[in-house]
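This report concerns only the one structure given below.
Throughout, protein chains are lettered first and strands after them, A, B, ... in sequence-line order, and every chain is numbered starting at 1.
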2 protein chains.
Amino acid sequence: MEQHRDYESELRQAGVRLTKPRKVILKIIGESEDHPDAMAIFRRAVKIDASISLATVYRTMKLLEELGAVHRHSFEGGPARFENADGEHHDHLIDLDTGKVIEFHSETLEKLQEQIADELGYDIEHHRLELYGRKRR
Amino acid sequence: MEQHRDYESELRQAGVRLTKPRKVILKIIGESEDHPDAMAIFRRAVKIDASISLATVYRTMKLLEELGAVHRHSFEGGPARFENADGEHHDHLIDLDTGKVIEFHSETLEKLQEQIADELGYDIEHHRLELYGRKRR
DNA sequence: ACCCTTGTTGCAAACGATTTGCATTTGCAT
DNA sequence: ATGCAAATGCAAATCGTTTGCAACAAGGGT
Ligand SMILES: [Mn+2]
Ligand SMILES: [Mn+2]
Ligand SMILES: [Zn+2]
Ligand SMILES: [Zn+2]
């Protein structure tokens, strides 16, 4: 049983209106276990409220990203994909055969990146680490 | 004094025709020290041969990428950028204030990625590591 | 409960990057 | 030099995403 962030309170607190489409989208990304793209979110949203538009999905995702409620990923090839910003930081391994996205986290790796940036005189704001591979057999 | 790959021989060997536009583009990416996008390559190409089209730049970059002669990067925000596949593997740190692209390489980091993929039962085909940061001061 | 203001929506058109169909040109093997 | 497939330039098409605008609705004040 997962503990989800209360996005509705966060939105309200950010001073934006809690509209019907937003509630629907919020619910969808709140309970998504995968990394859906805008079209996938749109399709799921339409099932709940047929009047929602794709433009609103895009606008909402941008808003949520700016509020830090979701993360946007741009994996090779496809369109941008999203995931809620719950849980701790992780990176992704993409299975080139199946397209499956596997999450992983390595504190050593994170520290090493910090160290490299530090040696170059930089502070990391964020990073992107994606491994593309195939199942060993 | 750098030693550059002989792209023309490689193309010929790959069975593709060595056309005028291709020679021009090959020369451009062969001597580029930066990470130009298609439009930048196009602008440089037009100076050498005014009849070259942007479509041909795109087609040629795709061809060169498939031949393994260039690498395509999709940094945050902008269009795809290219660099010749000479020299050894490296990753990139993007200065968020200036847009400057800094190259770095860490064998430890590379090994660690291999190890992580291995633990997940995968062989890495390629990866993407980009650090986005600002100069420490 | 009813206004009123202003943010938000749906729609369609615009967008930026990249790809593609097609008629014409060109490389290059013969 | 000739012939033919491959490559080109151009314009139109595509894809993912953004935006202008008129209609709509959230939610604070009455
Ligand atoms: Mn994830
Ligand atoms: Mn580079
Ligand atoms: Zn990470
Ligand atoms: Zn690397």
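- Across the protein-nucleic acid pair, L64(A) atom CG and dT8(C) atom P stand 12 Å apart, rounded to whole Å.
- The residues D34(A) and R44(A) are annotated as salt-bridged, a charged nitrogen and a carboxylate oxygen being separated by less than 4.0 angstrom.
- D49(B) has its CG atom 12 Å from the C1' atom of dG9(D), to the nearest Å.
- Side chain of S51(B), nearest nucleotide from dT18(C), dG9(D), dT17(D): dG9(D).
- To the nearest angstrom, P of dA26(D) lies 15 Å from CG of L26(A).
- In the set dG9(D), dT9(C), dA25(D), dT9(C) carries the atom at the smallest distance from any side-chain atom of T19(A).
- Taking atom CD of residue E65(A) and atom C1' of nucleotide dT18(D), one finds them 14 Å apart after rounding to whole Å.
- Side-chain rings of Y132(A) and H127(B) stay apart, their centers remaining 6.0 Å or farther from each other.
- Two residues, T60(A) and P79(B), neighbour DNA chain C, and the one matched to the more 5' nucleotide by heavy-atom proximity is T60(A).
- Paired regions of DNA chain C, where each region holds three or more successive Watson-Crick or G-U pairs whose two hydrogen-bonding distances fall under 3.5 Å, are C:1-30 with D:1-30.
- Taking for each of R12(B) and K62(B) the nucleotide of DNA chain C with the nearest heavy atom, the 5'-most of the two is the partner of K62(B).
- In this model, the phosphate group of dA7(D) is approached by a side-chain N or O of R22(B) to a distance below 4.0 Å at OP1 or OP2.
- Looking only at atom types and distance, the side chain of E103(A) has a donor-acceptor partner in the side chain of H90(A) under 3.5 Å away.
- At the phosphate of dT19(C), neither OP1 nor OP2 sits under 4.0 Å from any side-chain N or O atom of Y58(B).
- Residue R17(A) places its side chain closer to dG27(D) than to any other of dT9(C), dT18(C), dG27(D).
- The side chain of T56(B) sits closest to dG9(D) out of dG9(D), dC28(C), dA26(D).
- Look at K111(B) and E107(B) and you find a salt bridge, because one of the NZ, NE, NH1 or NH2 atoms lies within 4.0 Å of a carboxylate O, short of that distance.
- At a threshold of 4.0 Å, the pair D123(B)-R134(A) does not count as salt-bridged, since none of the basic side-chain nitrogens sits closer than that to a carboxylate oxygen.
- Counted by atom type alone, H73(B) and E130(B) present zero donor-acceptor pairs between their side chains at under 3.5 Å.
- Across the protein-nucleic acid pair, I41(A) atom CD1 and dG16(D) atom C1' stand 14 Å apart, rounded to whole Å.
- If you take NZ of K20(A) and P of dG10(C), they are 10 Å apart, rounded to a whole angstrom.
- Protein atom CG of L63(A) is 17 Å distant from nucleotide atom P of dT17(D), rounded to whole Å.
- Contacts of R59(A) with the nucleic acid, taken as non-hydrogen atoms under 4.0 Å apart, include base atoms.
- The CG-P distance, from D37(B) to dT18(C), rounds to 7 Å in whole Å.
- Taking the six-membered ring where the residue is Trp, the centroids of F82(B) and H35(B) are separated by 6.0 Å or more.
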